[in-house]
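Written out below as structure tokens is the structure these notes cover.
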Amino acid sequence: MKRRDARELAFKLTYEMVMTDAFNQETKDALLVGADADSRAYVESVVAGIEQHKDELKALITKYARGYEFDRIYKTDLAVLYLACYEITYTDTPKAVVANEAVEIAKAYSDTQSYSFVNGILASVIKGEA
């Protein structure tokens, strides 16, 4: 499984977390059926990291979502932002790769203009992290 596919699985789990305020082990197990060890380790690590740093990630998203109330951000966009902000802040994955893949996920799963919103916030996060 490619990292892009594993990232999409992590996004789906994060979306469920945004909607229900918890990660669901059954959903994780179902999504990871047939995943190779590297993909499984990536998803497990990212999910655990988002769970551990949820408050910090929320603060980061809020900081850069100027003009948008956190609770009014589309849930799909929020899931993309949690995942991407976690990877930008807490992993060695190249920031440009994270931002590009987050935009692609937003294009695939969210509103037609969401990718622009996601890209803008991630650009600010990257500049702020540099």
Side-chain angles (χ1 to χ4, degrees):
M1 171 180 286
K2 294 180 184 175
R3 177 57 54 99
R4 176 179 230 137
D5 297 329
R7 189 172 278 111
E8 193 169 328
L9 293 180
F11 157 74
K12 290 175 181 180
L13 287 166
T14 304
Y15 177 76
E16 183 177 48
M17 181 272 302
V18 167
M19 295 301 291
T20 65
D21 205 34
F23 284 106
N24 184 318
Q25 186 63 43
E26 288 179 24
T27 303
K28 188 187 322 177
D29 292 343
L31 287 174
L32 291 175
V33 167
D36 58 59
D38 184 51
S39 296
R40 182 176 292 277
Y42 164 79
V43 171
E44 294 279 351
S45 171
V46 169
V47 166
I50 292 169
E51 207 166 27
Q52 179 181 357
H53 298 286
K54 186 177 175 189
D55 293 335
E56 294 96 336
L57 296 170
K58 180 179 178 178
L60 187 63
I61 294 165
T62 301
K63 176 180 178 181
Y64 293 110
R66 296 181 195 102
Y68 294 89
E69 292 180 38
F70 184 84
D71 294 333
R72 306 271 329 251
I73 297 173
Y74 289 149
K75 302 303 184 200
T76 307
D77 298 349
L78 200 51
V80 172
L81 289 168
Y82 268 117
L83 175 60
C85 287
Y86 172 76
E87 283 197 275
I88 288 167
T89 306
Y90 297 103
T91 72
D92 294 334
T93 306
K95 293 168 179 32
V97 170
V98 172
N100 182 55
E101 294 210 359
V103 166
E104 292 304 316
I105 291 171
K107 284 180 180 178
Y109 287 94
S110 197
D111 187 71
T112 57
Q113 298 301 314
S114 288
Y115 75 91
S116 180
F117 173 74
V118 167
N119 189 52
I121 291 179
L122 294 179
S124 295
V125 169
I126 290 169
K127 285 178 189 172
E129 293 292 314

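Within the 4.5 Å cutoff, the side chain of Leu31 has heavy atoms near those of the Thr27 side chain. Considering only heavy atoms from C-beta on, Phe23 stays 4.5 Å or farther from Lys28 through its side chain. Using a 4.5 Å heavy-atom threshold, the side chains of Tyr115 and Ile105 count as separate. When side chains are defined from C-beta on, Ile88 counts as touching Leu122, because their heavy atoms get closer than 4.5 Å. Taking 4.5 Å as the limit, some side-chain heavy atom of Leu9 sits within range of a side-chain heavy atom of Met1.
Around the OH atom of Tyr74, the shell of radius 6.0 Å holds no more than 12 heavy atoms that belong to other residues, nucleotides or ligands. Within a 6.0 Å radius of OH in Tyr68, no more than 12 heavy atoms belonging to other residues, nucleotides or ligands are found.
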Run the salt bridge (charged side-chain N to carboxylate O under 4.0 Å, His left out) check on Lys95 and Glu87 step by step: do they pass? CA-CA 8 Å; Lys95 293 168 179 32; Glu87 283 197 275; over 6 Å; no
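In terms of heavy atoms, Ile121 sits closest to Ala65 at CD1-CB, 3.7 Å. The shortest non-hydrogen separation linking Tyr42 to Arg3 is CD1-NH1, 3.4 Å.
Taking OG1 from Thr14 and CE from Met19, the interatomic distance works out to 13.5 Å, rounded to the nearest 0.5 Å. In this structure, OG on Ser39 lies 8.5 Å from CG on Leu32, to the nearest 0.5 angstrom. A distance of 11.5 Å separates CG in Leu78 from OG in Ser114, rounded to the nearest 0.5 Å. With rounding to the nearest 0.5 angstrom, the CG atom of Leu81 is 5.0 Å from the CD1 atom of Ile61. Annotation: the span from Ser124 atom OG to Arg66 atom CZ amounts to 5.5 Å, rounded to 0.5 Å. Separating the OG1 atom in Thr76 from the CG atom in Asp111 is a distance of 9.5 Å, to the nearest 0.5 Å.
A parallel orientation is assigned to the rings of His53 and Tyr90, their planes being inclined by less than 30° (bins at 30° and 60°).
Side-chain atoms of Ser45 never come within 3.5 Å of backbone atoms of Ala41 as a donor-acceptor pair (strictly under, hydrogens ignored). Here the side chain of Arg7 pairs no donor or acceptor atom with the backbone of Glu101 at under 3.5 angstrom.
Ring to ring, Tyr109 and Tyr15 are not that close: their centroids are 6.0 angstrom or more apart.
A salt bridge is defined here as a Lys NZ or Arg NE, NH1 or NH2 lying under 4.0 Å from an Asp or Glu carboxylate O, and Asp21 with Lys54 meets this definition.
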